[in-house]
Protein chains: 2
Amino acid sequence: MATIYEVAALAGVSPATVSRVFNGLAVSEEKQRLVRDAAARLAFTPNKTARRLRKRSSEIIALLIPDIENPFYTALARGVEDRAQESGFSVVLCNTDDDPGKELRYLQIAASEQMAGVILSPASDEVDLGAIVSLGRPVVAVDRTTPYPVDAVKIDNRSAGIAATKALFDAGYRRVACIAGPAGIEATEDRVHGWRQVVASRMREGYLRHANFRVDGGHAAMTHLLALDTPPDAVVTTNNLMAVGALQALVEAGISPETFGVAAVGELPFMALAPASVVQVRLPARHLGTTAATMLLERIAGDAQPLRTVVLRAEVAPPASPREEWARKESAL
Amino acid sequence: MATIYEVAALAGVSPATVSRVFNGLAVSEEKQRLVRDAAARLAFTPNKTARRLRKRSSEIIALLIPDIENPFYTALARGVEDRAQESGFSVVLCNTDDDPGKELRYLQIAASEQMAGVILSPASDEVDLGAIVSLGRPVVAVDRTTPYPVDAVKIDNRSAGIAATKALFDAGYRRVACIAGPAGIEATEDRVHGWRQVVASRMREGYLRHANFRVDGGHAAMTHLLALDTPPDAVVTTNNLMAVGALQALVEAGISPETFGVAAVGELPFMALAPASVVQVRLPARHLGTTAATMLLERIAGDAQPLRTVVLRAEVAPPASPREEWARKESAL
DNA sequence: GAAGTCTAAGAAATCGATTTCGTCAAGACC
DNA sequence: GGTCTTGACGAAATCGATTTCTTAGACTTC
């Protein structure tokens with residue numbers, strides 16, 4: 001790896017001039033040519049570490065998500081990445097596993113690596129963003145919120161919960177249960193509120209279950225619900241993976257998803273394989289990512305407007321036939 | 001962010017001593033205490049950028065994968081991350097989209113960010129690893145291989161292809177087609193060889209289709225196959241997502257997956273939703289990741305043994321009932 | 001033509017760690 | 001007691017860019 005000094009020596013100019021050429025500062029045509037020739041001959045690439053040490057910032061943004069194996073978050077990551085690429089930024093994907101310890105460790109790394117900013121979906125309300133924020137690094141919360149004063153992009157979760165539940169009532173189901181994520185996460189609580197609002201007086205004791213956001217959690221919760229004296233005849237899950245688990249449990253219990261209503265807030269992964277009767281409330285995952293990235297990049301560029309919270313509306317989708325489903329996905333590419 | 005100098009001043013020692021304390025070098029008990037107290041009081045965190053500039057290397061490894069939305073690769077990423085964490089390394093996930101341009105860009109970033117090493121699944125045989133390799137950075141190829149002299153972890157692809165095809169023959173299907181990934185990628189070619197070997201003389205012209213590794217590719221290929229004068233009665237796909245696409249096409253054509261044989265090299269994502277009759281050859285994705293990470297970390301630590309290629313055997317799985325399927329996943333956690 | 005204004009470009013400081021080199025004192029050895 | 005090790009630790013160099021100063025010309029302006 002050639003350095004700026006070697007280039008300078010070969011070009012017969014000072015290192016400062018080489019730096020200026022590569023940063024687009026005023027340098028005469030003549031010397032620019034000399035420098036570029038020398039750089040090309042030496043296959044010079046500026047050392048980003050040195051640059052970062054001096055500038056005290058890099059062109060890297062950290063993205064902290066709770067579960068890299070959940071398609072919702074990979075789609076979100078996609079969105080962030082696309083937007084970042086456009087501006088010449090790289091994205092470092094960090095998987096927190098919803099573990100506050102891992103989350104904290106990644107936040108420290110982001111700080112000590114002088115990353116330009118952070119986009120995160122907090123593992124809990126207790127995230128300590130103090131260090132990052134006081135360092136002046138911009139932070140954007142996505143999908144979930146935090147008590148810290150940072151920009152946020154979220155989904156209209158209550159409406160999403162209402163929409164999912166209503167769809168089941170409209171289809172004639174009456175004993176509609178709810179499988180929610182862990183208590184204490186605002187996004188899932190809001191969806192539960194939506195469910196509760198629709199279900200209201202009709203709600204039966206014990207029809208609400210908390211699970212762990214993953215397939216096994218949805219499976220266990222559904223199994224419990226089916227074992228009740230008066231089991232529900234339909235269920236709403238507050239995320240995509242728990243719906244998969246619930247469907248598994250139904251299949252195992254010999255219950256056809258056509259007779260038992262299932263609605264999910266979120267899009268079932270690889271939908272083509274799912275029973276067409278499942279109600280899905282589509283969440284704009286990718287869009288969430290691009291929006292968050294756009295906001296973060298604006299802050300990085302120095303935008304100082306007051307804090308913003310953008311709320312994206314979920315699109316209520318009727319059960320689609322695979323054919324339509326496929327066509328929709330195609331056009332989205 | 002406090003610096004080593006401020007800590008030194010507060011502790012009444014030289015910056016060198018502070019550095020020594022944090023790197024476990026010989027320092028008297030007395031001064032160690034002074035330094036640690038001062039550091040704690042200032043909430044000192046060493047600046048990794050400065051450290052990296054001096055040491056000319058970091059504790060970060062780059063992982064380049066072709067498709068972050070494919071569960072096979074996220075599972076692989078998981079494996080890499082788990083192993084890296086254990087050794088105090090962080091993983092930067094880079095999504096190449098099978099685009100040589102993006103891949104090259106990420107490789108350059110890895111070099112200029114002085115990352116400790118690279119694990120990649122090359123987008124094509126034309127990857128230019130020259131720069132990284134000549135820099136002395138270790139590289140491990142995973143899932144796919146490259147002509148460069150680097151360590152590799154791959155799957156016994158031909159056997160996997162054979163197993164998938166055989167299972168269909170054993171189930172009584174005779175006109176077994178194959179949907180393969182893009183030509184020129186060794187992993188998929190090998191699986192096709194496996195298919196060809198079993199199918200042999202029985203093979204019909206036109207039963208081999210190349211597609212793009214994604215759901216839409218599998219869908220298009222399957223649609224073409226069904227439109228043939230003598231359509232096949234079963235199909236092998238060389239990856240997981242193309243199988244999903246193929247199943248979509250079957251459903252659309254009104255063909256039940258029970259009557260038309262489907263086998264996939266790879267595990268169908270969120271299997272519980274897939275028809276139980278689909279044959280899957282399980283690929284040890286996560287294991288691939290941990291193995292690659294282990295090899296890379298050994299190289300980073302200075303291991304200079306001759307190049308190694310580890311071949312992992314795929315496990316042939318009979319169509320499983322959802323119940324068994326679920327039990328298996330549970331126990332794997 | 002003298003004073004004032006720009007501009008290009010080199011010298012040198014700077015970012016914050018690590019590491020080499022020396023120094024000094026304590027203990028080992030003959 | 002004098003020489004040799006050995007070990008702790010400070011001074012200063014180093015990593016490779018960016019960013020002040022500075023300075024020397026070129027160009028205005030009255």
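Order of the sequence lines sets the chain letters (A, B, ...), proteins ahead of strands, with each chain counted from 1. Worth knowing before you read on, the calculation uses all heavy atoms, side chains too, and leaves out hydrogens, waters and symmetry mates.
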| message | Between A/E69 and A/N95, is there a side-chain donor-acceptor contact under 3.5 Å, judged purely by atom types and distance? | response |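 A/N95 vs A/E69: no donor-acceptor pair found between side chains.
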
Consider only side-chain N and O atoms of B/Y73 and B/D143, and report whether a donor and an acceptor are under 3.5 Å apart.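 Short answer, yes.
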
**Asked** Is the closest side-chain heavy-atom distance between A/V142 and A/L76 below 4.5 Å?
**Response**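 A side-chain contact exists here, since the closest heavy-atom pair is under 4.5 Å.
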
Looking at every heavy atom in both B/P66 and B/R144, which two are closest together, and how far apart are they?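 Taking B/P66 first and B/R144 second, the nearest heavy atoms are CG-NH2, 3.7 Å.
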
Going 5' to 3' through nucleotides 14-19 of chain C and flagging B where a protein heavy-atom sits under 4.0 Å of the base, S where only the sugar-phosphate is that close, and - otherwise, we get BBBBBB

Hey, does B/K31 reach any base, or is it just sugar-phosphate, or nothing, if we go heavy atoms under 4.0 Å?
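Result for B/K31 = sugar-phosphate.
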
Return a table of donor-acceptor pairs under 3.5 angstrom between the side chains of residues 10-18 of chain B and protein atoms on other chains or two or more places apart.
residue : atom : partner : partner atom : Å
B/S14   : OG   : B/A16   : N            : 3.3
B/S14   : OG   : B/T17   : N            : 3.3
B/S14   : OG   : B/T17   : OG1          : 3.3

